[in-house]
Amino acid sequence: MARLIRKRETLLFAIIVVMIAIFSTRAADFATPENLAGIFNDTSILIILALAQMTVILTKSIDLSVAANLAFTGMAIAMMNAAYPDLPLVLLILAAIVIGACLGAINGFLVWALEIPPIVVTLGTLTIYRGMAFVLSGGAWVNAHQMTPVFLSVPRTPILGLPVLGWVGIVIVLLMYVLLRYTQFGRSAYATGGNPTAAVYAGIDTGWTKFLAFVLSGALAGLASYLWVSRYAVAYVDIANGFELDSVAACVIGGISIAGGVGSVAGTVLGALFLGVIKNALPVIGISPFTQMAISGTVIILAVAFNARRERNRGRIILRDRAAAEVRTEAAA
């Protein structure tokens, strides 16, 4: 039981429950099942983007272009739907995933083959992808009346009280859990970020692993692009502006180490839900948008400080154990 209480995910879950209880004292219907389902549904896109970001961060990289990828891909498929309304929805969704994966592959290639720092690569492609969205659309919007009813309605269709968008989020969470926990790629991602030297000696191609992580991140951003455009019934250049920082924040709050190799899918999901609860609750209790930004920033700093302290303590334990082993060895000699 004590070990369970000390776990980051358990603590974060308890904090979210306490937050919901506190906010429900100010808004009576905040803790109702319908409202909580709505919060999860609203947070589903952030959860998908956070899992995309987590995959890259595990390999000791970062993807600042994930939201720009979403913007360009969302604009592309919205324009495809408007220009060719007879195209099947499945084809459009597959096109979104493929386009997103290709943009992610560009990031991965630059990081892998040219060995450019990931933060530099993705900061550059962030601007490029946003610019490509503007060039593609000419700065124009694609509005709801230009899109087909099927394109817009599928993610909003309720199943067992939760819209399809929420169910897609749940499916992606389960798939990412299996991928990172039980597959060779998942083990390679953790090893690449945790100890790249040891990973190389173990026969892991760390560059290829980072490339695949960026491709997967891009594919998830592509899927999120369709969900975003259909959810809000509009596509424009600045959609999801700032969501790259929210995705990083969700990972950090959930215990994903920026240094790589540490973290869990459950922690990332809880980190995203933490932000989702805050963003849904603060306007209800009358907190201004600027104060919301300050609160979110403070939470991120505290989470980073907590992570840094935990990793420093873990390093001290390793050193202490090693020193004790050396003492025992000398005594035996």
Side-chain angles (χ1 to χ4, degrees), residues 45-76 96-136 172 176 180 185 188-190 192-193 196 205-225 228 237-254 256-263 268 271-272 275 297 300 303-304 307:
I45 295 176
L46 176 58
I47 289 174
I48 294 173
L49 289 182
L51 291 173
Q53 190 71 253
M54 171 194 171
T55 307
V56 176
I57 291 177
L58 282 178
T59 65
K60 209 171 186 177
S61 302
I62 194 168
D63 188 358
L64 297 179
S65 69
V66 66
N69 185 330
L70 185 156
F72 174 79
T73 307
M75 178 63 74
I97 294 173
V98 170
I99 293 171
C102 289
L103 297 182
I106 293 173
N107 291 333
F109 177 79
L110 294 174
V111 171
W112 172 33
L114 302 185
E115 298 184 352
I116 304 175
I119 191 171
V120 175
V121 169
T122 57
L123 189 60
T125 54
L126 180 157
T127 306
I128 293 172
Y129 296 162
R130 290 280 181 188
M132 288 167 55
F134 181 85
V135 171
L136 181 66
I172 294 299
M176 289 299 295
L180 293 176
F185 168 75
S188 298
Y190 277 99
T192 297
D205 189 336
T206 56
W208 177 248
T209 301
K210 290 183 179 182
F211 175 80
L212 292 180
F214 276 105
V215 172
L216 178 59
S217 175
L220 290 175
L223 174 62
S225 72
W228 181 291
V237 174
D238 287 331
I239 63 173
N241 192 23
F243 255 62
E244 60 277 345
L245 301 181
D246 286 345
S247 67
V248 174
C251 290
V252 171
I253 292 170
I256 310 301
S257 173
I258 295 297
V262 176
T268 301
L275 293 177
I300 294 169
V304 171
N307 289 349

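- Exactly one of T55, L49, I47 qualifies for a side-chain contact (heavy atoms from CB on, under 4.5 Å) with L51. That residue is I47.
- If you take CG on N69 and CD1 on I128, they are separated by 12.5 Å, rounding to the nearest 0.5 Å.
- Distance alone, capped at 3.5 Å, places no donor-acceptor pair between the S217 side chain and the A213 backbone.
- Separation of atoms CH2 (W112) and OG1 (T206) is listed at 10.5 Å; rounding is to 0.5 Å.
- C251 approaches M54 most closely through the heavy-atom pair SG-N, 3.6 Å.
- In plain terms, the two heavy atoms of V66 and A52 that are nearest each other are CG2-CB, 4.5 Å.
- The shortest non-hydrogen separation linking L46 to S247 is CD1-N, 4.0 Å.
- Contact of the T268 side chain with the I256 side chain is registered, since non-hydrogen atoms from C-beta on lie closer than 4.5 Å.
- For the pair I172/L223, a side-chain contact is recorded, criterion being any heavy-atom separation below 4.5 Å from C-beta on.
- I258 places a side-chain heavy atom less than 4.5 Å from the side chain of I57.
- Here the closest non-hydrogen pair linking V111 and K210 is CG1-CD, 4.4 Å.
- Looking only at side-chain heavy atoms (C-beta outward), F243 and L70 stay at 4.5 Å or farther from each other.
- Put simply, the side chain of N107 reaches to within 4.5 Å of the side chain of Y129, judged on heavy atoms.
- Put simply, the side chain of I239 does not reach to within 4.5 Å of the side chain of M75, judged on heavy atoms.
- Judged by distance alone, the side chain of T122 and the main-chain N or O of L64 form a donor-acceptor pair under 3.5 Å.
- Remark: I119 CD1 is loosely packed, at most 12 non-hydrogen atoms of other residues, nucleotides or ligands lying under 6.0 Å away.
- Rounded to the nearest 0.5 Å, atoms OH (Y190) and OG1 (T209) are 14.0 Å apart.
- Shortest non-hydrogen contact noted between I45 and A224 is CG2-CB, 4.2 Å.
- Annotation: side chain of L110 is not in contact with side chain of F214 (no heavy-atom distance under 4.5 Å).
- Surrounding CZ of F134 are at most 12 heavy atoms belonging to other residues, nucleotides or ligands under 6.0 Å away.
- When atom types are taken as modelled, the side chain of Q53 and the backbone of D63 share a donor-acceptor pair closer than 3.5 angstrom.
- Nearest heavy atom pair, residue A71 against residue R130, reads CB-NH1, 3.3 Å.
- When side chains are defined from C-beta on, V248 counts as touching I62, because their heavy atoms get closer than 4.5 Å.
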